[in-house]
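Take a look at the structure set out below.
Just follow the structure's listing: the first ligand is 1, and inside any ligand the first atom is 1.
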Amino acid sequence: MKVSEAVGRLLVERGVRHVFGLIGSGNFDITLAMVEAGASFASSRHEGGAITMTDAFGRTSGELAACSVHQGPGLTNTITGLTEAVKSRTPLLLLAAETAAGATRSNFRIDQEALVTSVGAVVARLREPATALADAAFALQLARDERRPIVLMLPLDVQGAECPPGAPPPVQPSVQPPEPQADGVRKVADLLAAAQRPVVIGGRGALGAGAKEAIEELADTTGALLATSAVAGGLFAGNPWSIGITGGFATPLAAELVSSADLLLSFGATLNMWSTRHGRLVAPGAVVVQIDIDPEAIGGHLQARAGIVGDSAATARALTRELDRRHQRREGWRSKDLAERIARGGWSQQPYEEDTAPDSIDPRTLSIALDELLPAGRTLVVDSGHFMGWPPMYMAIAPDRGFIFTQSYQSIGLGLATAIGAAVARPERLTVAALGDGGLLMSLPELETVARLGLNLLVVVYNDAAYGAEVHHFGPLGKPTDIVRFPETDFAAIARACGLEGLTVRKPEDLAPATEWLAGDRGKALLIDAKVVPTVVAEWLEEAFKGH
Ligand SMILES: Cc1ncc(C[n+]2csc(CCOP(=O)(O)OP(=O)(O)O)c2C)c(N)n1
Ligand SMILES: [Mg+2]
């Protein structure tokens, strides 16, 4: 058996059940071996789509998937999505074919290792036929244990060689996160015991198994309110003490409450400029405490009074145990009156002056209408751009990874492939992809993928015929914005040409066919081209520009 086939089989035997990718000569055999061993394969139309689908699959399901690409240009096409996955620490395996060491004149030859390490990915390689299985097993283990993307280089000569017979390497036990240090737990418990108005903030590092429940229990013990960073939106959905996302997207009430907290305790959240409005949501004198598996995250953006390096779930449990041991249980600021204010505090309950235009819809009105129309159990995926606040602010986020937000690299154009990966991971749940017109045009080839895979997917384009973020950034500075405005694009027609259903929406009544679509078998995905009023400007945007 050839190395390519043996490695493909081994990866599937060790739990890689889903592969995204785009096939060329260098990755044909290994991918086919994985499919024949029982893995599912979804082809993208651009490798940038494949890597982002793999990332999104992992974020949505918690299960590691693989991405398979051709050597050279197949790999260079993945770089933006790979960077996003690196920065958001998604465990995944990127299987990259590689020209043989001796093929120095190959057109495909580049320094693949230098390329991917430059964006922070870690490289593993099939070194020689005799070590290939151990190398592949190591790469997979590393991705899982270190929770990061690993690029497994597959030199063509090694792939094509005979795999020496012999038992595959033994499965290593996975690394368990260390228990938090007792003195750190005591110190944080002292601070919590002294706090009158604590707020707990869950971030990306709190999305793992068991953390939500452990943090909610700790919050109950301390009388804390619960908030999330944007990427962890929906983590505490349904909890009566949850005030939603903190930072730019925060409701007026959430902003008021976070900025009157006397203690902020974060679990796996960096407390960066986005979640604190450049620190302005943190009251002078408020105690900041951070829990993170990454020591560098602690105090990275704000001055932290204390920190514990540890897993979110284990540390929250240790803190609750310590407070229980001290019989420290308090209501904090959890009053009946506050519960009522929180229940009424959502964005869609706040009055706003609707911007009506004859041929376009206010993006807030659109989002509220969609929220009412769509099933509550859904995966909401949001691309980057000016529009990106409207969906998470005006549409409820379902618990259990109901919100996938690819903002770690702040790239536009990742939303559609993210939605595809999410829809493959959770086929039973409707995936809603909220995209800007710019972001969709950057990822257009994957509309064909949506149709071909028959996904349970709704694409909503917040179409202002512009790179709106740039219009609203530079327009107020008195600069001409013609270079970031475009003629109208008829996305409904493009969708139909790709095999989706297409609908143009200029007013709420235009959404009626979407109701029918939802009630039907959804055999074809639906794309809604919503022509949004381009002059409704998001307040959070001003914050964002201060970060440039
Ligand atoms: C790959 C990439 N290119 C450029 C940018 C700069 N950029 C940020 S938002 C934006 C406009 C996005 O337009 P659209 O998707 O239509 O959303 P809108 O801002 O109009 O709501 C651009 C070009 C970026 N973040 N990423
Ligand atoms: Mg736009």
Heavy atom under 4.0 Å from ligand 1: found in E470's side chain, backbone, both, or neither?
side chain
Answer yes or no for S411: is there a heavy-atom contact with ligand 1 below 4.0 Å?
yes
To the nearest 10 degrees, calculate the angle at the Mg ion (ligand 2) involving OD1 of D437 and OD1 of D464.
90°
Give me the residue, atom name and distance of the protein heavy atom closest to atom 20 (O) of ligand 1.
G468 N, 2.6 Å
Check: G439 N/O within less than 3.5 Å of ligand 1 N/O:
yes
For the residue pair F108 and H70, categorise the inter-ring angle as parallel (less than 30°), tilted (30 to 60°) or perpendicular (more than 60°).
perpendicular
For the pair K531 and D510, find out whether any cationic side-chain nitrogen is under 4.0 Å from an anionic carboxylate oxygen.
no
Flag the pair E84 and R59 as a salt bridge only when some basic side-chain nitrogen lies within less than 4.0 angstrom of an acidic carboxylate oxygen.
yes
Can you say whether the rings of F403 and F405 are parallel (under 30°), tilted (30 to 60°) or perpendicular (over 60°)?
parallel
Does the distance from a Lys or Arg side-chain N to an Asp or Glu carboxylate O, for E63 and R17, drop under 4.0 Å?
yes
Top protein contact for atom 26 (N) of ligand 1, by heavy-atom distance:
I412 N, 3.1 Å
Tell me if the CD atom of E353 is crowded by more than 12 foreign heavy atoms within 6.0 Å.
no
Would you please indicate yes or no on a ring centroid separation below 6.0 angstrom for H386 and Y462?
no
Would one find an N or O of Q410, backbone or side chain, under 3.5 Å from an N or O of ligand 1?
yes
So does R89 have more than 12 non-hydrogen atoms from other groups sitting under 6.0 Å from CZ?
yes
Would you check the N or O atoms of M442, main chain and side chain alike, for any that come under 3.5 Å of an N or O of ligand 1?
no
Under 4.0 Å from any heavy atom of D464, which atoms of ligand 1 are there?
20 (O)
State whether the shortest distance between N or O atoms of Y462 and N or O atoms of ligand 1 falls below 3.5 angstrom.
no
What protein heavy atom is closest to atom 14 (P) of ligand 1, reported as residue, atom name and distance in Å?
G438 N, 3.4 Å
Do any N/O/S atoms of A466 come under 2.8 Å of the Mg ion (ligand 2)?
yes
Look at atom 21 (O) of ligand 1 and say which protein heavy atom is nearest, naming residue and atom and giving the distance to 0.1 Å.
F387 N, 3.0 Å
Tell me: protein heavy atom nearest atom 13 (O) of ligand 1, and distance?
Y467 CD2, 3.3 Å
Worked check of ring-ring contact (aromatic ring centres under 6.0 Å, His included) between F41 and F20
CA-CA 6 Å; F41 174 67; F20 299 87; 8.3 Å; no
